[in-house]
There are 2 protein chains.
Amino acid sequence: MSDKITIKDIAKKSGVSISTVSRVINKTYPVRKEVAEKVQQTIQELNYTPDLMAKSLKTGKTSTIGLIIPDISNPFFASLVKGAESYLSKKGYSLIICNSNQDMKEETRLINILLSKKIDGLLFTGSANHNKFLQEKVIDMLPVVFMDRAFVKTNGSYVLSDSYNGMLDLLNYMYGANHRSYIYISGNKDTLSAGERTKAFSDFVKEKKIEKYRIYQAQYDYESGYKAIKAMDCGKGYDAVICGNDLIAYGVIEALKNSGVNVPYNISVTGYDDIMFSRMFSPSLTTVRQPIYDIGSKSAEKLLKIIENNKKIKNGIILKNELVIRESTMIRSDCSRQKD
Amino acid sequence: MSDKITIKDIAKKSGVSISTVSRVINKTYPVRKEVAEKVQQTIQELNYTPDLMAKSLKTGKTSTIGLIIPDISNPFFASLVKGAESYLSKKGYSLIICNSNQDMKEETRLINILLSKKIDGLLFTGSANHNKFLQEKVIDMLPVVFMDRAFVKTNGSYVLSDSYNGMLDLLNYMYGANHRSYIYISGNKDTLSAGERTKAFSDFVKEKKIEKYRIYQAQYDYESGYKAIKAMDCGKGYDAVICGNDLIAYGVIEALKNSGVNVPYNISVTGYDDIMFSRMFSPSLTTVRQPIYDIGSKSAEKLLKIIENNKKIKNGIILKNELVIRESTMIRSDCSRQKD
DNA sequence: CTGTTAGCGCATTCAG
DNA sequence: CTGAATGCGCTAACAG
């Protein structure tokens with residue numbers, strides 16, 4: 001009997017019309033106090049909850065945000081999601097999470113599903129620069145905020161951290177610590193972050209007139225780092241390995257350990273991101289801290305602002321990064337250099 | 001103009017009624033081939049996508065699953081979610097993710113929101129045993145599968161891994177490796193997994209007639225492990241520290257490192273879960289591997305089965321665990337024991 | 001302040 | 001096989 005109780009039931013039982021009930025629930029118009037109380041009471045009695053689905057059909061708003069990331073099991077994205085979810089939840093929004101596994105076709109499929117479900121907005125981290133569908137259609141039929149990655153050429157909204165200067169700070173520190181030859185292992189090259197960091201590296205070697213360096217194209221994961229350094233004779237002859245992110249650095253260090261190369265004594269290794277484990281890693285990782293959680297929460301904040309103001313304030317926020325020096329690097333002297 | 005295109009538009013443009021369109025979309029009834037083709041064609045032309053929201057209002061099914069976990073930024077839960085999401089996505093379902101932060105009040109709030117949004121089912125990891133609301137109401141008005149944690153006394157559906165035997169295997173191994181005195185650091189005691197593991201430990205010390213042991217109540221996180229071992233004089237005088245999960249073990253090892261205690265030479269430390277970082281940790285962690293991803297995907301599979309068969313097959317799946325021996329433990333000889 | 005009414009977009013009887 | 005009509009539960013004019 002307590003089955004499917006609707007606004008109608010509580011209207012009847014309260015002796016008012018359904019619109020009055022709607023009004024006391026949504027506080028859209030004034031209702032006589034006694035009536036309001038009576039209604040509230042029967043709502044309690046019947047344990048009624050409005051059907052948000054029906055409400056959404058009418059209003060066109062679902063209070064639901066879609067979020068697309070490559071992989072939730074990557075701690076970087078997990079923090080991003082946490083930041084977004086925590087903000088959204090506080091504001092009464094829910095989050096539908098989708099893993100794209102870096103696959104553009106899958107991204108497109110997911111976006112279409114999300115669109116059909118009538119989300120109010122989209123938080124996106126993926127292959128933005130190449131996804132024509134997103135770039136040409138989605139972006140102006142739905143509020144979208146790009147997290148961590150962004151269109152370079154389009155005027156979408158985004159929240160990033162300043163990878164270029166973060167990497168430059170790191171490199172300048174390494175230079176000051178007497179490192180003169182570098183291997184640079186880049187993450188997925190179609191991402192903005194990898195582009196910025198690589199650019200910083202290129203500018204750095206040019207400015208400091210570094211002669212011995214090498215850029216290796218890899219992916220943002222552990223295995224990729226492991227393979228990369230193995231493919232480069234375990235960095236023999238170089239002072240430092242600069243990695244595109246922490247996961248790559250983990251892989252590099254593990255490979256080096258396995259080959260009997262000591263980090264940092266034989267060679268220094270750096271990461272990027274400062275995910276939770278980097279301080280527990282052994283040696284603890286010298287890296288650049290990105291405010292990952294904040295990127296997530298600021299993205300959510302920005303998205304809600306766009307949704308609620310219903311205006312297209314297309315712009316971005318760029319958060320600062322912070323150099324974190326730990327045990328995986330050391331101040332080099334000539335005698336601590338590897339021989340060729 | 002290409003604004004808000006509905007089933008009506010495509011009906012008009014195809015020269016048929018909306019019911020016919022609905023039929024070709026859902027293939028619920030046969031439609032003349034030519035007509036069907038014509039309709040399909042104009043669907044393409046107008047780039048029409050059915051409004052899932054409206055559909056849901058009618059059918060009562062949303063193809064959306066709610067998921068509640070304590071904290072997505074914990075790698076354990078991230079893997080769980082990945083497993084569930086990946087299965088659900090393949091089956092055409094979406095996932096709404098909510099972080100409860102272990103707060104029962106928050107859990108209840110989230111469940112109510114999810115209920116209002118008309119999810120088709122719920123995947124739950126949280127304080128099941130104490131949440132009356134969940135236990136008494138939700139569980140029989142909505143398909144629910146408990147992941148990793150479960151009601152001990154209720155006949156709900158669940159997917160777990162066998163913590164009791166996993167822990168027992170680990171302890172027996174340690175005994176075989178000549179460890180004779182133990183500190184046991186438990187995770188959140190209101191969870192089933194902690195209960196099972198602690199029970200295994202209790203049974204173990206009884207059976208092996210271990211005289212020197214200590215059980216310490218903590219939480220399933222890094223800080224908790226760090227503090228716990230500090231509070232116990234860095235385990236002085238004990239052969240091994242058995243931790244409720246890997247995160248606790250990380251904290252313990254870090255604290256020990258900071259105090260100059262060598263793991264495993266002075267004392268062995270074990271974890272539980274085998275999250276991704278445990279093999280990269282230094283020393284790499286001896287632990288018990290839970291099939292976390294599988295717990296997630298099996299839970300999702302079970303939930304969909306319940307939803308689609310619409311029957312209440314309340315039962316559980318218990319997956320096996322596997323001992324993983326790494327560097328944080330060693331085979332002890334008398335001279336490698338710490339003095340009291 | 002309050003009740004009546006008309007849809008939101010779609011699936012589904014019920015007649016053809 | 002197909003069209004017309006009904007209503008899912010709710011909000012938002014529109015009249016009182």
Side-chain angles (χ1 to χ4, degrees), chain A residues 2-40 42-43 46-64 92 112-120 141, chain B residues 2-40 42-43 46-64 112-113 115-120 141:
Chain A
S2 72
D3 207 39
K4 275 292 174 214
I5 139 144
T6 78
I7 199 172
K8 237 174 184 166
D9 300 312
I10 105 104
K12 195 181 298 172
K13 194 158 190 302
S14 308
V16 296
S17 74
I18 59 168
S19 32
T20 301
V21 177
S22 175
R23 280 169 194 133
V24 342
I25 293 173
N26 299 301
K27 306 183 202 313
T28 46
Y29 285 95
V31 172
R32 195 146 42 90
K33 206 180 172 192
E34 315 141 42
V35 178
E37 276 166 2
K38 171 74 183 155
V39 170
Q40 287 289 10
T42 74
I43 285 180
L46 272 57
N47 197 25
Y48 164 75
T49 2
D51 182 328
L52 260 33
M53 176 101 347
K55 176 172 181 166
S56 295
L57 181 59
K58 194 68 211 160
T59 61
K61 316 202 90 327
T62 54
S63 296
T64 302
N112 272 122
I113 293 174
L114 257 16
L115 246 27
S116 300
K117 293 212 173 182
K118 303 296 169 197
I119 53 172
D120 291 346
M141 62 192 287
Chain B
S2 73
D3 208 38
K4 275 290 172 214
I5 138 144
T6 78
I7 199 172
K8 236 174 185 167
D9 299 311
I10 104 103
K12 195 181 298 174
K13 195 157 190 298
S14 307
V16 295
S17 74
I18 59 167
S19 29
T20 301
V21 177
S22 175
R23 279 167 196 136
V24 342
I25 292 172
N26 300 300
K27 305 182 201 316
T28 46
Y29 285 97
V31 172
R32 193 146 41 92
K33 205 178 173 193
E34 315 140 45
V35 179
E37 276 166 3
K38 171 71 182 157
V39 169
Q40 287 289 12
T42 73
I43 285 179
L46 271 56
N47 197 25
Y48 165 74
T49 2
D51 182 327
L52 260 31
M53 174 101 351
K55 177 171 182 168
S56 295
L57 181 59
K58 205 53 216 164
T59 60
K61 317 204 89 327
T62 53
S63 296
T64 302
N112 272 123
I113 293 174
L115 245 27
S116 300
K117 293 212 173 182
K118 304 296 168 197
I119 54 173
D120 291 347
M141 61 192 286

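All values below were derived from every heavy atom in this structure, side-chain atoms included, with hydrogens, water molecules and symmetry-related copies excluded. Labels below follow one simple rule: chain letters A, B, ... track the order of the sequence lines, proteins then strands, and each chain is numbered from 1.
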Open item on the list: Students often get this wrong, so: under 4.0 angstrom with heavy atoms, is K58(B) touching a base, only sugar-phosphate, or nothing?
Closed with: base

Winner on side-chain proximity to V16(A), out of dG3(C), dG3(D), dT11(D), is dG3(C)

One should read off an interatomic distance between T20(B) OG1 and Y29(B) OH, to the nearest 0.5 angstrom, of 13.0 Å

Check your understanding: Quick one: is S17(A) getting a side-chain N or O under 4.0 Å of the dT4(C) phosphate, OP1 or OP2?
Key -> no

Taking dT5(C), dA4(D), dG9(C) as options, the one with an atom nearest any side-chain atom of I18(A) is dT5(C)

Next on the checklist: Other residues, nucleotides and ligands only: do more than 12 of their heavy atoms fall within 6.0 Å of NZ on K61(B)?
Outcome noted: yes

Within the structure, does a side-chain N or O atom of R23(B) lie under 4.0 Å from either OP1 or OP2 of dA11(C)? no

CG (L52(A)) and OG1 (T59(A)) are apart, to the nearest 0.5 Å, by 8.5 Å

Sorted by position of nearest nucleotide on DNA chain D, 5' first, the leading residue of A54(B) and Y29(B) is Y29(B)

Handout entry: Phosphate OP1/OP2 of dG9(C) contacted by T6(B) side-chain N/O (<4.0 Å)
Key = no

Picking from dT11(D), dA11(C), dG9(D), the nucleotide nearest the side-chain atoms of L57(B) would be dG9(D)

- Task: Just call it for S19(B): base, sugar-phosphate, or nothing, with non-hydrogen atoms closer than 4.0 Å on any strand.
- Result: base

- Message: I want to check one thing: is the phosphate of dC10(C), taken as OP1 and OP2, less than 4.0 Å away from some side-chain N or O of S22(B)?
- Response: no

Winner on side-chain proximity to K8(A), out of dT11(D), dC8(D), dT2(D), is dC8(D)

Taken to the nearest 0.5 Å, the spacing of K55(B) NZ from S116(A) OG works out to 10.0 Å

